[in-house]
Amino acid sequence: MKNLLIFTLFLFCGFQMQSQEMTQENIEVGTILKINEAEAYGFKHINFPRPNFIIKSGGIANYSSVEGNRVKITAVKTKKDGTRQVEIERVDGRKFFRNFTTVKADIDEALASGEMTL
């Protein structure tokens with residue numbers, strides 16, 4: 001009985017790790033993601049504009065306003081070094097900071113750090 005329990009546990013963990021790898025591999029145009037809460041010093045892997053640029057273009061530089069937003073991938077690009085960069089837009093059709101319809105993000109790093117989730 002104990003061996004069956006241990007086998008089931010390893011089997012479950014193996015499927016869990018495989019499902020996480022599969023979801024990161026299958027990122028494509030149209031995938032819906034959620035932006036999570038930023039770390040203490042802001043977003044590192046989602047390339048939001050700097051506050052001075054947001055203010056100069058007439059927007060409001062409030063990064064907490066993007067937390068919890070659902071976004072859709074509109075373009076996927078693989079760089080020469082193998083990293084994938086995506087372009088995202090809000091699902092509700094509104095703009096980021098009142099001025100920017102799309103922003104770019106390093107998808108693999110953003111998913112790994114928890115800035116975005118599926």
Side-chain angles (χ1 to χ4, degrees):
M1 186 68 178
K2 185 176 179 181
N3 291 336
L4 181 62
L5 180 64
I6 292 172
F7 175 73
T8 307
L9 181 66
F10 281 119
L11 187 65
F12 178 72
C13 290
F15 283 130
Q16 183 69 19
M17 290 186 334
Q18 184 180 6
S19 68
Q20 288 176 354
E21 290 174 10
M22 296 274 298
T23 56
Q24 287 185 2
E25 292 292 324
N26 295 332
I27 297 294
E28 56 188 24
V29 174
T31 303
I32 305 293
L33 302 166
K34 180 182 173 189
I35 298 176
N36 294 325
E37 187 175 341
E39 293 181 9
Y41 298 107
F43 295 96
K44 292 182 181 177
H45 307 293
I46 301 174
N47 301 325
F48 288 121
R50 296 174 68 190
N52 64 335
F53 187 71
I54 294 170
I55 293 168
K56 285 181 182 179
S57 60
I60 298 173
N62 182 9
Y63 289 102
S64 64
S65 67
V66 297
E67 295 173 0
N69 287 336
R70 293 173 41 129
V71 294
K72 177 176 67 173
I73 295 176
T74 58
V76 179
K77 180 182 177 183
T78 304
K79 294 182 178 180
K80 291 181 181 179
D81 61 356
T83 59
R84 291 185 299 172
Q85 188 173 38
V86 296
E87 198 169 284
I88 56 175
E89 68 179 15
R90 289 176 60 159
V91 172
D92 60 5
R94 297 175 64 195
K95 296 179 179 181
F96 294 103
F97 311 109
R98 293 188 179 176
N99 282 334
F100 305 97
T101 55
T102 61
V103 293
K104 293 184 179 182
D106 298 326
I107 190 67
D108 296 322
E109 291 87 4
L111 288 173
S113 68
E115 288 182 5
M116 293 183 1
T117 55
L118 293 171

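Just so it is clear, the values below take in all heavy atoms, side chains as well, and ignore hydrogens, waters and symmetry mates.
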Quiz item: Can you check whether Asp108 reaches Arg84 side chain to side chain, under 4.5 Å on heavy atoms?
Solution: yes
Self-check item: Any residue meeting side-chain hydrogen bond (donor to acceptor under 3.5 Å, both in side chains) with Asn99, in chain and number order, not counting sequence neighbours
Solution: Ser57
Quiz item: Shortest non-hydrogen contact from His45 to Ser113?
Solution: CD2-OG, 3.4 Å
Quiz item: Which pair of heavy atoms, one from Leu111 and one from Met116, lies closest together, and at what distance?
Solution: CD2-O, 3.3 Å
Quiz item: Is there side-chain contact between Thr31 and Val76, with heavy atoms separated by less than 4.5 Å?
Solution: no
Quiz item: Would a hydrophobic clustering, with Ile, Leu, Val, Met, Phe, Trp and Tyr connected at side-chain separations under 4.5 Å, put Tyr63 with Ile60?
Solution: no
Exercise. Could you state whether Val71 and Val29 fall into the same hydrophobic cluster, counting links through intermediate Ile, Leu, Val, Met, Phe, Trp or Tyr residues with side-chain heavy atoms under 4.5 angstrom apart?
Key: yes
Self-check item: Qualifying residues under side chain to side chain contact (heavy atoms under 4.5 Å, CB included), relative to Ala61, sequence neighbours excluded
Solution: Pro51, Ile54, Ile55
Quiz item: So with a 6.0 Å cut-off around CD of Glu37, is the heavy-atom count from everything else above 12?
Solution: no
Quiz item: Lys72 and Val91: which non-hydrogen atoms are nearest, and at how many Å?
Solution: N-CG2, 3.9 Å
Practice problem: Decide side chain to side chain contact (heavy atoms under 4.5 Å, CB included) for Ile46 and Phe96; before the verdict, give the C-alpha distance in whole Å, the side-chain angles of both, and the deciding distance to 0.1 Å. | Solution: CA-CA 12 Å; Ile46 301 174; Phe96 294 103; over 6 Å; no
Quiz item: Which residues pass the side-chain hydrogen bond (donor to acceptor under 3.5 Å, both in side chains) test with Ser64, sequence neighbours left out?
Solution: Asn62
Self-check item: Arg90 and Asp92 ion-paired at < 4.0 Å
Solution: yes
Quiz item: Are the side chains of Ile107 and Leu33 in touch, meaning some heavy atoms are under 4.5 Å apart?
Solution: yes
Self-check item: Worked check of side chain to side chain contact (heavy atoms under 4.5 Å, CB included) between Asn47 and Val103
Solution: CA-CA 6 Å; Asn47 301 325; Val103 293; 5.9 Å; no
Quiz item: Between Glu115 and Asp106, does a side chain to side chain contact (heavy atoms under 4.5 Å, CB included) hold up when you go through it step by step?
Solution: CA-CA 10 Å; Glu115 288 182 5; Asp106 298 326; over 6 Å; no
Practice problem: Show your reasoning for whether side chain to side chain contact (heavy atoms under 4.5 Å, CB included) applies to Lys34 and Thr117. | Solution: CA-CA 5 Å; Lys34 180 182 173 189; Thr117 55; 3.9 Å; yes
Quiz item: When rounded to the nearest 0.5 angstrom, what distance separates OG1 in Thr101 from CZ in Arg94?
Solution: 14.0 Å
Quiz item: So, Gln85 side chain and Lys104 main chain: donor-acceptor pair closer than 3.5 Å or not?
Solution: no
Practice problem: Could you check if a side-chain atom of Phe48 sits within less than 4.5 angstrom of a side-chain atom of Ile35, using non-hydrogen atoms only? | Solution: yes
Self-check item: Joint hydrophobic cluster, Val66 plus Ile32, side-chain heavy atoms closer than 4.5 Å
Solution: no
